[in-house]
J.: 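Supplied in structure tokens, the structure appears directly below.
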Amino acid sequence: MAPRSRRRRHRKPPSSVAPIIMTPTTIVTPMPLTPSKPGPSIDTLGFFSLDDNVPGLSQLILQKLNMKSYEEYKLVVDGGTPVSGFGFRCPQEMFQRMEDTFRFCAHCRVLPSGLSDSKVLRHCKRCRNVYYCGPECQRSDWPAHRRVCQELRLVAMDRLMEWLLVTGDFVLPSGPWPWPPEAVQDWDSWFSMKGLHLDATLDAVLVSHAMTTLWASVGRPRPDPDVLQGSLKRLLTDVLSRPLTLGLGLRALEIDVRRIGGSTVHVVGASHVETFLTRPGDYDELGHMFPGHLGLRVVMVGVDVANGFSQSTSTSPLEPGTIQLSAHKGLYHDFWEEQVETGQTDHPDLVAAFHPGFHSSPDLMEAWLPTLLLLRDYKIPTLITVYSHQELVSSLQILVELDTHITAYGANPFMSLKPEQVYSNPNKQPVYCSAYYIMFLGSSCQLDNSQLEEKVDDGI
């Protein structure tokens with residue numbers, strides 16, 4: 001156990017991820033949440049930072065979603081019920097208002113309210129994703145937009161098709177893997193393994209009533225089947241990227257998943273992104289990646305986990321082959337002291353952080369520092385993912401400066417294939433969730449407990 005004086009330094013709040021909306025909550029074995037001391041919400045910072053690039057964009061979003069304040073927005077994102085008139089009379093109104101939140105000139109940043117009577121915002125006919133207030137702005141913006149136009153076309157398609165996941169009309173295919181797990185090393189091999197079974201699942205969605213209703217509601221021609229199928233595949237990788245990336249970490253860090261009583265994974269800095277739409281079956285692929293496992297606990301820990309997601313601190317042995325999802329609303333270092341050190345929940349075999357973002361600002365680094373030191377000092381196998389190669393380089397530099405022992409890093413073979421648009425800067429290069437990973441274990445300067453206590457006493 002690390003010295004008490006060092007543990008007291010682990011007192012600053014971890015980060016979380018920026019918000020998305022239009023998704024109702026899904027309750028997974030609901031139990032009361034027991035929050036620790038409240039911490040700062042990075043969701044709030046992310047929402048209001050939209051105004052840095054497009055002044056007034058945050059208020060436009062609230063207006064189009066029939067919300068009176070950011071607090072209501074956050075309540076819906078967290079799975080609660082707003083007190084005002086949030087909601088839409090029909091699917092057509094919903095899709096129109098959602099699209100309206102993207103309406104601002106990508107070049108001069110003007111909002112609809114700032115247009116003269118003679119101007120109107122029109123979208124790019126190629127990507128149907130970015131808007132311009134007139135031909136002059138569109139021509140001036142083309143050198144920047146042409147680099148991302150094709151990817152943004154996919155973003156616009158996936159934004160609509162994602163509704164099928166929200167409503168449950170697109171159910172992810174699952175089942176025991178017919179191939180040896182070691183033969184499935186990336187998305188190409190995964191798709192090849194799924195083969196005809198996956199094709200049948202996607203074909204059923206393409207001809208479903210839900211698909212017909214979707215395209216009748218959005219007010220635009222229905223794309224060709226191969227375009228729709230490509231979107232469904234991208235959405236599938238976006239949902240399955242997290243569990244399969246956890247499996248990548250368990251494999252690479254050689255975690256024994258056949259330990260009696262089950263193995264435990266903590267997802268730190270978790271938010272509604274990891275918990276809002278998560279259904280019990282979403283992590284089945286993690287289990288299929290390790291046939292014969294004796295139970296896997298996945299515990300999401302963060303100040304922004306969705307309300308209604310289950311919390312369970314039970315240390316009872318799991319049934320072999322089962323996966324238990326749960327969450328704790330609070331700060332990870334508090335969770336560690338209150339739950340892990342007291343034996344109320346199991347010690348983690350792996351800790352993962354999806355897009356922690358500590359490289360992006362001194363404030364976020366300060367917030368993440370207690371958790372990073374805790375993971376380093378307790379020698380906990382840790383996996384971190386980032387959006388881009390630039391983030392990878394910056395994050396590696398920070399972790400080296402913290403004397404972490406980095407065991408592996410590189411491109412993630414199970415990254416999401418769904419491009420993500422920067423909301424307030426649409427011509428910025430789209431990114432992909434969990435595109436790169438970093439793994440570390442302990443310190444590069446391995447110290448025994450007496451040496452560690454001496455460093456702490458010296459104030460280092």
Side-chain angles (χ1 to χ4, degrees), residues 14-20 23 26 28 158 162 165-166 170-174 177 181 184-187 190-191 194 232-253 255 257 263-290 293 296-302 304-306 309-310 323-328 332 348-357 381-388 391-392 410-420 431-439:
S15 168
S16 55
V17 194
I20 59 172
T23 49
T26 299
V28 185
D158 296 346
E162 195 167 22
L165 280 173
V166 175
F170 178 27
V171 179
L172 301 181
S174 188
W177 288 6
V184 183
Q185 296 291 329
D186 52 25
W187 284 123
W190 187 90
F191 278 112
K194 291 296 182 179
L232 290 174
K233 286 184 175 181
R234 291 191 297 274
L235 293 175
L236 184 152
T237 67
D238 191 55
V239 176
L240 295 183
S241 175
R242 284 186 288 272
L244 292 180
T245 298
L246 293 181
L248 176 74
L250 291 170
R251 274 180 179 174
L253 292 164
I255 307 299
V257 297
S263 303
T264 299
V265 176
H266 290 169
V267 178
V268 62
S271 70
H272 66 278
V273 175
E274 290 81 19
T275 57
F276 200 16
L277 272 180
T278 301
R279 295 176 169 89
D282 289 353
Y283 279 69
D284 286 353
E285 288 298 289
L286 175 60
H288 300 321
M289 201 173 187
F290 299 95
H293 72 84
L296 293 167
R297 294 183 182 87
V298 180
V299 186
M300 317 283 186
V301 184
D304 288 313
V305 297
F309 203 89
S310 69
I323 295 181
Q324 180 188 82
L325 301 181
S326 60
H328 182 93
Y332 188 70
D349 299 287
L350 173 72
V351 167
F354 295 110
H355 314 115
T382 301
L383 164 72
I384 291 171
T385 71
V386 296
Y387 284 111
S388 66
E391 289 189 15
L392 174 69
N412 180 6
F414 292 112
M415 64 180 275
S416 169
L417 303 182
K418 172 177 170 282
E420 301 288 345
V431 295
Y432 296 82
C433 291
S434 298
Y436 295 87
Y437 67 86
I438 304 170
M439 302 181 196

J.: Any idea which heavy atoms bring Phe290 and Gly247 closest together, and the distance?
T.: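 Between these two residues, the closest heavy atoms are CZ-O, 3.5 Å.
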J.: Measuring only between side-chain heavy atoms, which start at C-beta, is Gln185 closer than 4.5 Å to Pro413?
T.: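 No. Closest side-chain heavy atoms not under 4.5 Å.
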J.: Using 0.5 Å steps for rounding, measure from the CG atom of Asp349 to the CZ atom of Arg297.
T.: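 One gets 9.5 Å once the value is rounded to the nearest 0.5 Å.
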J.: Taking only residues two or more places apart in sequence, or in another chain, which ones meet Tyr432 in a ring pair (Phe, Tyr, Trp, His ring centres under 6.0 Å)?
T.: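 For Tyr432, no residue satisfies ring pair (Phe, Tyr, Trp, His ring centres under 6.0 Å) once neighbours in sequence are set aside.
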J.: With side chains defined as the heavy atoms from C-beta onward, is the minimum distance between Val273 and Arg242 less than 4.5 Å?
T.: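 Of all side-chain heavy-atom pairs linking Arg242 with Val273, at least one is under 4.5 Å.
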J.: Would you indicate whether the side-chain heavy atoms of Trp190 and Thr237 approach each other to under 4.5 Å?
T.: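 When only atoms from C-beta onward are counted, Trp190 and Thr237 do not touch, as no gap falls below 4.5 Å.
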J.: Tell me the closest heavy-atom pair linking Ala270 and Met300, and the distance in Å.
T.: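 That closest heavy-atom pairing would be CB-CB, 3.7 Å.
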J.: Looking at every non-hydrogen atom in both residues, tell me the closest pair between Leu240 and Trp187 and how far apart they are.
T.: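 In this case the closest contact between Leu240 and Trp187 is CB-CH2, 3.8 Å.
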J.: Side chain to side chain contact (heavy atoms under 4.5 Å, CB included) between Met289 and Leu246: does it pass, once the steps are laid out?
T.: CA-CA 10 Å; Met289 201 173 187; Leu246 293 181; over 6 Å; no
J.: We want to know whether Ser416 and Ser241 form a side-chain donor-acceptor pair, criterion being a heavy-atom distance below 3.5 angstrom.
T.: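 Result is no, nothing qualifies.
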J.: Phe170: which residues meet the ring pair (Phe, Tyr, Trp, His ring centres under 6.0 Å) condition with it, sequence neighbours left out?
T.: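 Counting only residues at least two positions away or on another chain, Phe170 forms no ring pair (Phe, Tyr, Trp, His ring centres under 6.0 Å).
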J.: Give, for atom CG of Leu165 and atom CG of Leu172, the distance between the pair rounded to the nearest 0.5 Å.
T.: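 Rounded to the nearest 0.5 Å, the CG-CG separation comes out at 6.5 Å.
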J.: Could you tell me which residues satisfy salt bridge (Lys or Arg N to Asp or Glu O under 4.0 Å) with Asp158, sequence neighbours excluded, listed by chain and number?
T.: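 With sequence neighbours excluded, Asp158 shows a salt bridge (Lys or Arg N to Asp or Glu O under 4.0 Å) to Arg234, given in chain and number order.
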J.: Can you tell me how far apart OH (Tyr437) and CD1 (Ile384) are? Round to the nearest 0.5 Å.
T.: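 Here the interatomic distance stands at 13.5 Å.
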J.: Identify the heavy atoms of Arg251 and Pro181 that sit nearest to each other, and give their distance.
T.: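 Result for this residue pair: NH2-O, 2.5 Å.
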J.: Within the structure provided, determine whether Lys233 and Leu417 are in side-chain contact (heavy-atom separation under 4.5 Å).
T.: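 No. Closest side-chain heavy atoms not under 4.5 Å.
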J.: Just jot down the salt bridge (Lys or Arg N to Asp or Glu O under 4.0 Å) partners of Glu391, sequence neighbours excluded, or say none.
T.: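 So Glu391 forms no salt bridge (Lys or Arg N to Asp or Glu O under 4.0 Å) with any residue.
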J.: Could you walk me through whether Asn412 and Thr385 satisfy the side-chain hydrogen bond (donor to acceptor under 3.5 Å, both in side chains) test, starting with their C-alpha distance in whole Å, then the side-chain angles of each, then the deciding distance to 0.1 Å, before giving a yes or no?
T.: CA-CA 8 Å; Asn412 180 6; Thr385 71; over 6 Å; no
J.: For Asp282, give me all partners under salt bridge (Lys or Arg N to Asp or Glu O under 4.0 Å), at least two apart in sequence or on another chain.
T.: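 Per chain and number, Asp282 pairs via salt bridge (Lys or Arg N to Asp or Glu O under 4.0 Å) with no residue.
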J.: Report yes if the side chains of Val265 and Leu296 come closer than 4.5 Å at any heavy-atom pair, otherwise no.
T.: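 Of all side-chain heavy-atom pairs linking Leu296 with Val265, none is under 4.5 Å.
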J.: Which value, rounded to the nearest 0.5 Å, describes the distance between Leu248 atom CG and Leu286 atom CG?
T.: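 So the gap between those two atoms works out to 11.0 Å.
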J.: With sequence neighbours left out, what residues match Ser174 under side-chain contact (heavy atoms from CB on, under 4.5 Å)?
T.: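 Only Asp284, Glu285, His288 meet the side-chain contact (heavy atoms from CB on, under 4.5 Å) criterion with Ser174.
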J.: Give the C-alpha distance, both sets of side-chain angles, the deciding distance and a yes or no for side chain to side chain contact (heavy atoms under 4.5 Å, CB included) between Ser434 and Phe414.
T.: CA-CA 8 Å; Ser434 298; Phe414 292 112; over 6 Å; no
J.: How close do Val267 and Glu274 get, counting heavy atoms only, and between which atoms?
T.: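 Minimum heavy-atom separation between Val267 and Glu274: CG1-CG, 4.4 Å.
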J.: Could you tell me whether the side chain of Glu162 reaches within less than 4.5 Å of the side chain of Leu235, counting heavy atoms only?
T.: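 Side-chain contact under 4.5 Å: yes.
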J.: Does some side-chain heavy atom of His266 sit less than 4.5 Å from a side-chain heavy atom of His328?
T.: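 Heavy-atom side-chain distance check fails, nothing below 4.5 Å.
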J.: Looking at Cys433 and Asp238, what are the two nearest heavy atoms and their distance?
T.: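 Residues Cys433 and Asp238, closest heavy atoms: SG-OD1, 4.2 Å.
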J.: Are His293 and Ser263 close enough that some pair of their side-chain heavy atoms sits under 4.5 Å apart?
T.: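 No, every pair of side-chain atoms sits at 4.5 Å or beyond.
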